[in-house]
Amino acid sequence: MDFQTAKQQDETYLIHSYSRFPVLLTKGKGAAVQDDTGKAYIDFTSGIGVNALGFCDDGWIAAVTNQLNTLQHTSNLYYTEPCIRAAKLLCEKSGMQKVFFGNSGAEANEGVIKAARKYSFLKYGEGRSKILALVNSFHGRTMATLSATGQDVYHNYFFPFVDGFVFANANDTADTLAKMTEDVCAVMLETVQGEGGVVPLDRAYVQAVAAACKQKDILLIVDEVQTGIGRTGTFFSYEQFGIQPDLVSCAKGLGGGLPIGAVLFGEKTETVFGAGDHGSTFGGNPVVCAGAVHILETIDDAFLAEVQKKGAYLRGRIEAMPHVQSVAGLGMMLGIQLDVDAKPVIHTLLEAGLLVLSAKTKIRLLPPLTISQDELDKGLSILENTLQAL
Ligand SMILES: *Cc1c(COP(=O)(O)O)cnc(C)c1O
């Protein structure tokens with residue numbers, strides 16, 4: 001299929017809920033991908049932080065296809081090994097106690113919301129069900145996770161939204177603590193607001209919120225859907241804030257390209273769900289979990305040190321480029337504020353052979369964590385040349 005056919009048939013047969021770039025991608029390896037004409041691109045997007053090991057990583061393909069040829073699905077009524085191994089690795093790497101598998105970030109966030117409310121209901125009864133989320137957050141597209149998302153643009157058309165979400169200003173300790181009232185069961189935050197424009201929270205703010213949560217038995221939920229699985233240079237980003245959450249959601253990078261979401265439960269919450277409280281037909285699927293096991297086994301301390309090194313290198317190079325006002329973020333999750341409108345620049349970069357993302361007014365970079373020095377330098381020189389020519 002060529003691009004014109006793809007565009008025309010997409011318009012005919014698909015709902016127009018995405019504004020796509022005018023490119024038909026056909027195959028990739030590592031951080032290199034090509035379109036139907038054979039034109040090559042360097043990938044600074046990883047899907048959207050999904051392809052942690054890049055396109056078509058050999059080890060990941062072997063893990064997935066081996067499982068695919070063995071047992072593809074059983075339902076959660078039976079034990080299967082890949083899901084148990086993935087859960088064990090997630091617990092060992094995070095200090096969390098237990099795992100529930102679903103299929104996406106939004107679904108993981110549905111899980112943390114339900115778990116927080118049930119924890120509070122069991123201990124304190126009705127009337128303590130509010131979740132305090134942050135202004136400018138993003139938690140997903142389902143009804144509850146849209147309701148938890150602190151951006152007005154997402155709160156149109158679909159009324160009625162789910163009740164029981166309140167919002168505090170990110171990095172405003174006084175505002176947040178004041179809103180941790182007796183009817184609140186949990187605080188939910190992203191350590192770096194991704195869709196909100198790559199906005200990192202302050203360490204002191206996160207620690208103050210975590211301390212207040214502990215004192216009031218309000219659960220601390222960290223949404224690691226974008227920041228997790230090595231993206232920020234530690235396995236989970238919360239490690240860099242010196243906190244241990246009660247509930248964690250993760251997804252994007254965990255499957256390496258296959259759909260997966262996970263809820264991680266801490267000591268307070270590990271016994272909250274009993275049989276029948278929560279479930280998912282596809283959750284914990286053996287093929288997807290076999291891929292996740294490979295990702296989790298690959299991301300060790302040496303791998304994370306490389307992510308930190310590459311993140312610092314990217315940041316340093318970009319900060320020195322023309323039209324760059326600031327670079328924010330952690331590890332290999334970076335947001336570039338230009339002194340010009342980012343949108344046309346993103347299209348120029350595409351034409352020049354570099355895939356990047358946007359987040360609010362910024363250019364957002366989420367390169368594959370395994371990107372080589374050569375691919376990094378190729379992508380950076382396209383960025384530099386494009387900015388120089390503006
Ligand atoms: C992408 C994202 C989600 C939603 O994940 P889906 O897999 O699209 O449902 C939730 N929270 C954060 C922080 C995200 O970046």
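Remember, it's 1-based here, ligands and their atoms both numbered in the order they're listed. Values below: all heavy atoms of this structure, side chains included; hydrogens, waters and symmetry mates excluded. Note that the structure is predicted; figures quoted are calculated from it, not measured.
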*Asks:* Would you say the side-chain atoms of K39 pair up with the backbone N or O of E351, donor to acceptor, closer than 3.5 Å?
*Replies:*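 Between the backbone of E351 and the side chain of K39 there is a qualifying donor-acceptor contact (under 3.5 Å).
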*Asks:* Under the side-chain hydrogen bond (donor to acceptor under 3.5 Å, both in side chains) rule, collect the residues that match up with T361, sequence neighbours excluded.
*Replies:* Q337
*Asks:* Between ligand 1 and the protein, find all N/O pairs closer than 3.5 Å and give the distance for each.
*Replies:*
from: ligand 1; atom 1: 7 (O); to: G105; atom 2: N; distance (Å): 2.8
from: ligand 1; atom 1: 9 (O); to: G105; atom 2: N; distance (Å): 3.4
from: ligand 1; atom 1: 9 (O); to: A106; atom 2: N; distance (Å): 2.8
from: ligand 1; atom 1: 11 (N); to: F138; atom 2: O; distance (Å): 3.3
from: ligand 1; atom 1: 11 (N); to: D223; atom 2: OD1; distance (Å): 3.4
from: ligand 1; atom 1: 11 (N); to: D223; atom 2: OD2; distance (Å): 2.8
from: ligand 1; atom 1: 15 (O); to: Q226; atom 2: NE2; distance (Å): 2.7
from: ligand 1; atom 1: 15 (O); to: K252; atom 2: NZ; distance (Å): 2.6

*Asks:* Using the test side-chain hydrogen bond (donor to acceptor under 3.5 Å, both in side chains), find all partners of T191 that sit at least two apart in sequence or belong to another chain.
*Replies:* S237
*Asks:* In this structure, are over 12 heavy atoms from other groups packed under 6.0 Å from E182 atom CD?
*Replies:*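 Atom CD in E182 is not packed in, count stays at 12 or less.
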*Asks:* Pairs in or reaching into residues 75-122: which pass ring-ring contact (aromatic ring centres under 6.0 Å, His included), with residues at least two apart or in two chains?
*Replies:*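 Every ring-ring contact (aromatic ring centres under 6.0 Å, His included) pair that includes a residue of residues 75-122, provided the two are not neighbours, is F100-H278.
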*Asks:* Under 6.0 Å from the CD atom of E267, do we count more than 12 heavy atoms belonging to anything else shown?
*Replies:*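 Count not over threshold, so no.
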